[in-house]
> 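Dumping the structure here so I can ask a few things about it.
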Amino acid sequence: MKKILVADDDQTIADLLQQALDAEGYETYQATQALRFYDVVMERRPDLILLDLLMPYLEGEDELHLLQMNPATQHIPVIVVTALQEAKQEEEKYRRLGVVEIVTKPFDLDKLVGIIKRTIG
């Protein structure tokens with residue numbers, strides 16, 4: 001079973017994504033606090049990360065840099081799910097940091113699930 005980490009400080013969104021992805025047959029975990037994000041990645045070793053860029057204390061870009069610095073985590077594909085509309089304009093920068101897709105909020109859940117399936121099966 002493929003493992004997905006949902007990293008979003010909005011508990012409602014994290015719960016919605018977890019429920020939808022569990023229903024699709026994925027094993028899903030949450031990190032709703034940016035300071036716990038990297039610990040959860042190391043504990044759970046997800047196959048994919050859904051990452052909000054706007055989180056308190058550590059922004060998503062900082063989290064992406066942490067992932068890229070470690071050979072054990074730099075291969076994990078990341079789908080950014082963010083309210084930051086400008087993220088699409090900086091897509092090339094995020095791709096260099098391991099991001100495979102940028103999805104802006106509000107998002108279409110079915111389309112997001114489709115992107116996940118194309119990314120990890």
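Note: hydrogens, waters and symmetry copies are ignored here, and every other heavy atom, side chains too, is used.
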> Can you tell whether the side chains of K105 and D52 come within less than 4.0 Å, N to carboxylate O?
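Salt bridge between K105 and D52, a charged N being under 4.0 Å from a carboxylate O: yes.
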> Does anything in residues 106-121 form a side chain to side chain donor-acceptor pair (under 3.5 Å)? List the pairs, not counting sequence neighbours.
E24-K117
> Take D15 and Q11 through the test side chain to side chain donor-acceptor pair (under 3.5 Å) and record every step on the way to the result.
CA-CA 6 Å; D15 289 344; Q11 189 68 57; 2.8 Å; yes
> Give me the atom names and distance for the closest heavy-atom approach of I120 to D47.
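Closest approach of I120 to D47: CG2-O, 3.6 Å.
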> Counting heavy atoms not belonging to Q33, are there more than 12 under 6.0 Å from its CD?
no
> To the closest 0.5 Å, what do you measure between CG (L84) and CG (L54)?
5.0 Å
> Is there a salt bridge (charged side-chain N to carboxylate O under 4.0 Å, His left out) between D39 and R44? Walk through the geometry before answering.
CA-CA 9 Å; D39 292 336; R44 301 295 183 176; over 6 Å; no
> If you look at every heavy atom in A31 and V40, which pair is closest and at what distance?
CB-CG2, 4.3 Å
> How about Q74 and N70: does a side-chain donor come under 3.5 Å of a side-chain acceptor?
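No, no side-chain donor-acceptor contact under 3.5 Å.
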> Just to verify, which of I49, V100, I102 counts as forming a side chain to side chain contact (heavy atoms under 4.5 Å, CB included) with I79?
V100
> Judged by atom type as modelled, is there a donor-acceptor pair below 3.5 Å linking the side chain of T73 to the main-chain atoms of L67?
yes
> CD of E59: more than 12 outside heavy atoms within 6.0 angstrom?
no
> Output, in order, the C-alpha distance, side-chain angles, deciding distance and verdict of side chain to side chain donor-acceptor pair (under 3.5 Å) for T32 and D9.
CA-CA 4 Å; T32 56; D9 61 314; over 6 Å; no
> Just to verify, what does Q18 make a side-chain hydrogen bond (donor to acceptor under 3.5 Å, both in side chains) with, not counting sequence neighbours?
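Listed in chain order: Q30.
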> With side-chain contact (heavy atoms from CB on, under 4.5 Å) as the criterion, how do T82 and Y94 come out once you've worked through the C-alpha distance, each side chain's angles and the decisive distance to 0.1 Å?
CA-CA 12 Å; T82 185; Y94 290 115; over 6 Å; no
> Test your reading of the model: is there a side-chain donor-acceptor pair from K3 to the backbone of L48, 3.5 Å cut-off?
no
> Is any side-chain heavy atom of I116 closer than 4.5 Å to one of L21?
yes
> What residues form a side-chain hydrogen bond (donor to acceptor under 3.5 Å, both in side chains) with E91, not counting sequence neighbours?
R95
> Y26 and M1: which non-hydrogen atoms are nearest, and at how many Å?
C-SD, 3.8 Å
